Structures are given as structure tokens and as C-alpha cells.
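The block underneath contains the structure these notes are about, expressed in C-alpha cells.
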Amino acid sequence: MEDWQKAAVQHAEAEAPKESCGLLVMLDGAEHYWPCKNLSNEDDVFVLDPMGYAAAEDTGKVLAVVHSHPGAPALPSKPDKKACTQYGLPWFIYGMEDQSWLKIDP
């Protein structure tokens, strides 16, 4: 498991039962997990804080969106697929139920 994935898992565990969300950012030639605030009031939805996204963009190159599915496998929902296309970035989903990872592309 990559270091950024370990950081994303720690964030997911800290945020459960809510979905965690963050970004994969290239900083100084290495990939890093950039945790963001989930603005949603629902446990099974995330709304990535635009201030967190802006801060990540100001610091490095945003490579992907990362979020968790607490109590579920890493299977993309229809909203996940639609938002991935809208963002135009790959998405990584961490399924906490079976500790699995999935990448979807726009």
C-alpha cells in the first residue's frame, strides 16, 4: 500500500461513519494524500470542501479525488461515476468493509 493510501485509510477511519474525502496531490515530486472536509450532513454522501480543493491546487498538482465507503466495498455509485466525469479526474474509492481500493477514470 502506498503512503498516500495509508494516510487516506487513517482519515477514513477517523471520519467513519461519514464518508471521508480528500485529494491525491503531487508535491515535490511525490504523491501525497490531502484530507478535505466533507460538507455533507449525510453519512453516505460526500461534498468536498471547495476551500480544501483550492488550498491543494495552490500547493501542488491535483491528480485525483479520494473518498471512502464506510461499511461498504469500493464499488462506485451512479453519483460517483457522474461526479468523476464532471471533475475530469480519476477517483479512488476505499471500501472500509473489505479494505479494498478501486480506481475509476472519467
Side-chain angles (χ1 to χ4, degrees):
M1 183 180 302
E2 303 274 340
D3 285 343
W4 71 263
Q5 288 175 306
K6 291 176 186 173
V9 167
Q10 289 175 340
H11 187 213
E13 290 170 348
E15 293 296 315
K18 284 187 75 169
E19 288 190 2
S20 64
C21 58
L23 301 164
L24 181 59
V25 180
M26 182 65 72
L27 299 169
D28 299 323
E31 296 176 337
H32 294 272
Y33 178 69
W34 188 279
C36 293
K37 183 176 181 179
N38 178 356
L39 298 178
S40 175
N41 292 323
E42 300 175 46
D43 287 347
D44 60 348
V45 174
F46 80 93
V47 176
L48 197 143
D49 182 358
M51 297 302 287
Y53 195 102
E57 273 189 322
D58 288 345
T59 305
K61 179 176 174 51
V62 176
L63 303 175
V65 174
V66 182
H67 79 284
S68 66
H69 284 181
L75 297 173
S77 65
K78 285 184 182 180
D80 287 341
K81 292 176 185 177
K82 181 179 179 184
C84 176
T85 299
Q86 289 173 334
Y87 269 83
L89 291 170
W91 277 34
F92 288 93
I93 302 169
Y94 174 63
M96 295 181 72
E97 180 180 81
D98 59 0
Q99 300 173 350
S100 62
W101 283 94
L102 178 75
K103 178 185 177 192
I104 59 173
D105 290 303

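Here the structure is a predicted model, which means the values were calculated and not measured.
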Quiz item: Does atom CG of D98 have more than 12 heavy-atom neighbours from other groups under 6.0 Å away?
Solution: yes

Quiz item: Taking all non-hydrogen atoms of both residues, which atom of P76 and which atom of K81 are closest, and how far apart?
Solution: CG-CE, 3.8 Å

Quiz item: Between H69 and Y94, does the ring centre distance come in under 6.0 Å?
Solution: no

Quiz prompt | Same apolar cluster (I L V M F W Y, side chains within < 4.5 Å links), L48/V25 | solution = yes

Quiz item: Hey, does V66 have a side-chain heavy atom less than 4.5 Å from the side chain of W91?
Solution: no

Quiz item: OG of S100 to CD1 of I93: how many Å apart, nearest 0.5 Å?
Solution: 9.0 Å

Quiz item: Would a distance-only check, ignoring hydrogens and angles, find a side-chain to backbone donor-acceptor pair under 3.5 Å from Q5 to E2?
Solution: yes

Quiz item: Could you give the distance from OG (S68) to CZ (F92), rounded to the nearest 0.5 Å?
Solution: 15.0 Å

Self-check item: Whether D80 side chain and S77 backbone form a donor-acceptor pair below 3.5 Å
Solution: yes

Quiz item: Do the side chain of D49 and the main chain of C36 share a donor and acceptor less than 3.5 angstrom apart?
Solution: no

Exercise. Give the minimum heavy-atom separation between P50 and L39, together with the two atoms involved.
Key: CD-CD1, 3.8 Å

Practice problem: Give the cluster check for L27 versus V62: same hydrophobic cluster or not, with ILVMFWY residues linked at side-chain heavy-atom distances below 4.5 Å. | Solution: yes

Practice problem: Check whether the side chains of S40 and N38 place a donor and an acceptor atom closer than 3.5 Å, and report yes or no. | Solution: no

Quiz prompt | Test item: M26 and H32 side chains (from C-beta on) under 4.5 Å apart, heavy atoms | solution = no

Practice problem: Identify the heavy atoms of D44 and E19 that sit nearest to each other, and give their distance. | Solution: O-OE2, 3.1 Å

Practice problem: Determine whether more than 12 heavy atoms belonging to other residues, nucleotides or ligands lie under 6.0 Å from atom CD of Q99. | Solution: no

Quiz prompt | Salt-bridge criterion met for K103 and D105 (N-O under 4.0 Å) | solution = yes

Practice problem: Please tell me if the side chains of V65 and C84 come closer than 4.5 Å, counting only heavy atoms from C-beta onward. | Solution: no

Exercise. Hey, could you give me the NZ/NZ distance between K18 and K37, rounded to the nearest 0.5 Å?
Key: 8.0 Å

Quiz prompt | Whether S20 side chain and A16 backbone form a donor-acceptor pair below 3.5 Å | solution = no

Quiz item: Got more than 12 heavy atoms from elsewhere within 6.0 Å of CE, M51?
Solution: no

Quiz item: Any side-chain heavy atom of L23 sitting closer than 4.5 Å to one from Y33?
Solution: no

Quiz prompt | Interatomic spacing from CG in L24 to CG in L89 - rounded to 0.5 Å | solution = 10.0 Å

Exercise. Evaluate the ring planes of W101 and W4, with Trp represented by its six-membered ring, and classify them as parallel (under 30°), tilted (30 to 60°) or perpendicular (over 60°).
Key: perpendicular

